[in-house]
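The structure appears right after this line, and notes come after that.
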Amino acid sequence: MTSTTALRHYLQFSDLSADEYTYLFERAAIIKKKFKAYERHQPLVDRTLAMIFEKASTRTRVSFEAGMYQLGGSVVNLTTGDSQLGRAEPIEDSAKVISRMVDIVMIRTFGQDKIDAFAANSRVPVINGLTNEFHPCQILADIFTFIEHRGSIRGKTVAWVGDGNNMANTWLQAAEILGFKVHVSTPSGYEVDQSIAGIRSAESYKVFKDPMEACRGADLVTTDVWTSMGYEAENEARKAAFADWCVDTEMMRIAQPDALFMHCLPAHRGEEVEADVIDGPQSVVWDEAENRLHAQKALMEFLLLGRLTA
């Protein structure tokens, strides 16, 4: 099946423009309002989403699956054993077959090269549900959450405390596109690789050795687990290296008085964040988690139907 709009993929945050993000955030707000009012909104009747998981998932699966059903479509869920991208069959062949049977594909996998290869051979939109390099759907939801609570993120400061991972890479892309600044603080050896993020200049971010200084004056403080999926063998070494990068009440106190705290979850209280922070009044992690649903519904609708007015 083919879309009525030009084929677009969402493989990293930089795939869309600032204007398109403005539309998506406005659209997500409309879709969320309808959801809360139990108002039926099903523009994707007879459309099918294929979800391919090579990495385990809770929020990604629930948000995409529930979201597609709520939009009137259906879902096919493929796990590692079902799909085996690039092992039982070349990725290119899998893409050509699967994309002839469904309308849109979401993939959660390891290397970005896999999802890039799939998209290059797909007849339908492909969405990055997470790779080692990027997590665009999470940052889409995070920024939507910030806008809900504090208005435009343009000109604001986001403090990233922790690993220079896929989340950090995606925050850097978002800052360059949407006009805000990221303060990055990571332990030595775990820095963000600017070449992966594809940042053209360093004007949208600043690196701090001291995580406390990264948080000074920030409008949003955010972090992630110290050991992402696929790096479990490094867990003990990472715990030692990241000991000073736990977001605590002192870091939040040095940020703006109305600063928000976010975490993409799952969280390890006492490691990357203190319980008093993630369970405290500045934390919006539950809104952030829910907003994966609404932001991704807006994204799927946009990739399949283009801009809508109703």
Side-chain angles (χ1 to χ4, degrees), residues 1-53 57 59-77 98-108 115 118-119 122-130 134-148 153 170 174 177-178 287-310:
M1 301 179 188
T2 57
S3 170
T4 56
T5 63
L7 179 60
R8 298 284 299 274
H9 302 299
Y10 192 59
L11 308 182
Q12 47 187 292
F13 201 90
S14 58
D15 284 341
L16 299 181
S17 67
D19 178 66
E20 288 169 329
Y21 279 114
T22 296
Y23 167 80
L24 281 181
F25 296 136
E26 291 173 353
R27 192 67 188 163
I30 291 169
I31 289 172
K32 182 174 183 177
K33 185 176 180 180
K34 291 184 177 185
F35 174 82
K36 295 294 187 181
Y38 294 94
E39 181 181 338
R40 186 183 294 264
H41 177 67
Q42 297 188 331
L44 299 185
V45 172
D46 291 334
R47 302 297 181 99
T48 301
L49 164 70
M51 303 192 301
I52 302 173
F53 289 100
S57 168
R59 279 151 294 277
T60 297
R61 177 170 179 180
V62 174
S63 57
F64 270 106
E65 189 163 349
M68 191 59 171
Y69 284 131
Q70 290 164 16
L71 292 171
S74 57
V75 180
V76 176
N77 180 45
I98 293 170
S99 67
R100 283 173 176 259
M101 298 178 179
V102 303
D103 300 277
I104 189 167
V105 178
M106 185 284 298
I107 301 177
R108 185 178 174 95
I115 199 168
F118 192 103
S122 174
R123 293 164 44 135
V124 301
V126 177
I127 296 173
N128 182 351
L130 176 143
F134 301 108
H135 199 357
C137 289
Q138 182 64 58
I139 304 305
L140 182 70
D142 289 0
I143 295 174
F144 175 52
T145 305
F146 185 91
I147 291 169
E148 277 191 322
I153 198 169
T170 310
I177 294 166
L178 300 179
D287 291 342
E288 178 189 5
E290 178 190 334
N291 282 338
R292 286 286 300 277
L293 173 71
H294 311 301
Q296 289 164 188
K297 284 168 73 174
L299 176 65
M300 290 190 289
E301 183 189 79
F302 174 71
L303 292 175
L304 285 171
L305 303 178
R307 298 191 186 217
L308 301 180
T309 56

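Keep in mind that what you see is a predicted model, and the values were worked out from it rather than measured. The figures that follow rest on heavy atoms only: side chains count, while hydrogens, waters and symmetry mates do not.
Taking the side chain as every heavy atom from C-beta outward, Phe64 and Cys137 approach each other to under 4.5 Å. Within the 4.5 Å cutoff, side-chain heavy atoms of His41 are placed close to those of Leu71. Counting only heavy atoms from C-beta outward, the side chains of Ile127 and Met300 approach each other to under 4.5 Å. When side chains are defined from C-beta on, Leu7 counts as touching Pro125, because their heavy atoms get closer than 4.5 Å. Side-chain contact between Leu293 and Gln70: present, with at least one pair of heavy atoms (C-beta onward) separated by less than 4.5 Å. The side-chain heavy atoms of Leu304 and Val124, taken from C-beta on, include no pair separated by under 4.5 Å.
A distance of 6.0 Å separates OG1 of Thr60 from CZ of Phe53, quoted to the nearest 0.5 Å. Rounding to the nearest 0.5 Å places OG1 of Thr48 at 11.5 Å from CE of Met101. Between the CG atom of Leu24 and the CG atom of Leu140 there is a distance of 6.0 Å, given to the nearest 0.5 Å. Atom CD1 of residue Ile147 and atom CZ of residue Phe25 lie 4.5 Å apart, to the nearest 0.5 angstrom.
Annotation: side-chain hydrogen bond (donor to acceptor under 3.5 Å, both in side chains) contacts of Asn291 (sequence neighbours excluded): Lys32, Thr145, Glu148. Residues passing the ring-ring contact (aromatic ring centres under 6.0 Å, His included) test with Phe13, sequence neighbours excluded: Tyr21. For His135, there are no side-chain hydrogen bond (donor to acceptor under 3.5 Å, both in side chains) partners at least two apart in sequence or on another chain. When the side-chain hydrogen bond (donor to acceptor under 3.5 Å, both in side chains) test is applied to Asn77, no partner is found at least two apart in sequence or on another chain. Residues passing the ring-ring contact (aromatic ring centres under 6.0 Å, His included) test with Tyr23, sequence neighbours excluded: Phe302.
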Exercise for the section: Determine, stepwise, if the pair Glu39 / Lys33 fulfils side chain to side chain contact (heavy atoms under 4.5 Å, CB included). Expected result: CA-CA 8 Å; Glu39 181 181 338; Lys33 185 176 180 180; over 6 Å; no
Practice task
Let me see the working for Ile52 and Ile98 under side chain to side chain contact (heavy atoms under 4.5 Å, CB included), right down to the final yes or no.
Solution key: CA-CA 10 Å; Ile52 302 173; Ile98 293 170; 3.9 Å; yes
Practice task
Quick one: do Arg307 and Glu26 satisfy salt bridge (charged side-chain N to carboxylate O under 4.0 Å, His left out)? Show the steps, please.
Solution key: CA-CA 11 Å; Arg307 298 191 186 217; Glu26 291 173 353; over 6 Å; no
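Residues Tyr69 and Ser74 approach most closely at CE2-CA, 3.8 Å, considering heavy atoms. In this structure, Met106 and Leu49 approach most closely via the heavy-atom pair N-CD1, 3.8 Å. Across all non-hydrogen atoms, the minimal contact from Arg108 to Gly129 is NH1-O, 3.2 Å. Residues Leu178 and Ala18 come closest through the heavy atom pair CD2-CA, 4.0 Å. Closest approach of Thr170 to Pro136, counting heavy atoms only: CG2-CA, 3.7 Å. The two residues Arg47 and Asp103 have their closest heavy-atom pair at CA-OD2, 3.2 Å.
Residue pairs meeting the salt bridge (Lys or Arg N to Asp or Glu O under 4.0 Å) criterion with at least one partner in residues 291-301, sequence neighbours excluded, are Arg27-Glu301.
Checked against the 6.0 Å centroid threshold, His294 and Phe144 do not count as a close aromatic pair.
Ser63 places a side-chain N or O within 3.5 Å of a backbone atom of Arg59 that can act as its donor or acceptor partner. Checking side-chain atoms of Asn128 against main-chain N and O of Tyr10 turns up no donor-acceptor pair under 3.5 Å. For the pair Arg61 (side chain) and Met51 (backbone), a donor-acceptor distance under 3.5 Å is absent. A donor-acceptor pair is defined here as one N or O able to donate and one able to accept, closer than 3.5 Å; such a pair exists between the side chain of Ser99 and the backbone of Arg123.
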